[in-house]
Amino acid sequence: MVARPGGHHIDGLVGVAPGGVPDSFSLLVGVMLTDQRREGMGNLYVWPGTHLTHQEYFRAQGPDAITACDSTPPIRLGRAEQVTGTPGDVLLAHYLLAHNIGGNTSEITRRMVYLRLRHRDHDWRAFLADVLLDFEPVRVRRPSG
């Protein structure tokens, strides 16, 4: 049986007082150091598309709502997926992608290196309402409408 996380979170909110400044960033980069090609190896769980659902939530509630949610904004999650891969594989995840760690029932200790990248002009309030704000090359090619 694979242990599944009870819910999701976004990073940088633990210990931030309401009205405070979250430790937000643009992109989470994870490098797998150990084998995680099967589920149940302590794999990261992600909820695809939730960066957009978070954007909708913060557009409706305002950016300061992020500090009142204790790292788990009340959004629709959908189905979680486990990230699998082999040593050297790289995970790129938007800051607002809902995620959590799963249980490890394998004989291998899961190891990853995580880096948090922040655009030099990162404006956390504006970024919560526009998930492509820090990604200009993608933003320019976005269809209008």
Quick one: are the ring centres of H99 and H8 less than 6.0 Å apart?
-> no

Which heavy atom in A80 sits nearest to a heavy atom in Y45, and how many Å separate them?
-> CB-CD2, 3.7 Å

Given side-chain contact (heavy atoms from CB on, under 4.5 Å), test V131 with L52 step by step and report yes or no.
-> CA-CA 7 Å; V131 296; L52 300 174; 3.8 Å; yes

To the nearest 0.5 angstrom, please state how far the CG atom of L96 sits from the CZ atom of F25.
-> 9.0 Å

From E81 CD over to E39 CD, what is the distance, rounded to the nearest 0.5 angstrom?
-> 9.0 Å

Please tell me if the side chains of V21 and W124 come closer than 4.5 Å, counting only heavy atoms from C-beta onward.
-> yes

What heavy-atom pair brings N43 and V83 nearest, and what distance separates the two atoms?
-> ND2-O, 2.9 Å

In terms of hydrophobic clusters joined by side-chain contacts under 4.5 Å, are V113 and M41 together?
-> no

Pair R118 + D23, salt bridge at N-O below 4.0 Å | yes

Taking the six-membered ring for Trp and the full ring for Phe, Tyr or His, determine whether the centres of H94 and F127 are under 6.0 Å apart.
-> yes

Taking all atoms of both residues into account, what is the closest heavy-atom pair of R79 and P48, and its distance?
-> O-CD, 3.6 Å

Rounded distance [0.5 Å steps], CZ in R37 versus OG in S106 | 11.5 Å

Would you say L97 and W47 make side-chain contact, with heavy atoms under 4.5 Å?
-> no

Do side-chain atoms of T105 reach the backbone of G40 as a donor and acceptor pair under 3.5 angstrom?
-> yes

Taking C-beta and beyond as the side chain, do Q36 and L44 meet within less than 4.5 Å on heavy atoms?
-> no

In Å, rounded to the nearest 0.5 Å, how long is the span from CG of L133 to CG of D123?
-> 7.0 Å

Hydrophobic cluster membership, L27 vs V90, 4.5 Å side-chain cutoff = yes

Mind checking whether P73 and I10 have side chains closer than 4.5 Å, heavy atoms only?
-> yes

Any salt bridge between R125 and D64, counting N to O under 4.0 Å?
-> yes

E56 side chain near R76 side chain, heavy-atom distance below 4.5 Å | yes

Heavy-atom nearest pair, T50 first then A98, reads OG1-N, 2.8 Å

A129 backbone acceptor or donor facing R59 side chain under 3.5 Å | yes

Could you give the distance from CE (M32) to CG (D89), rounded to the nearest 0.5 Å?
-> 6.0 Å

List the atom of I66, the atom of P22, and the distance in Å for their closest heavy-atom pair.
-> CG2-CG, 4.0 Å

Beyond-backbone contact of S26 with Y95, side-chain heavy atoms, under 4.5 angstrom | no

Between D11 and R116, is any pair of side-chain heavy atoms under 4.5 Å apart?
-> yes

Interatomic distance, R111 atom CZ to I108 atom CD1 [nearest 0.5 angstrom] | 11.5 Å

Does the side chain of P63 reach to within under 4.5 Å of the side chain of L128, using non-hydrogen atoms?
-> yes

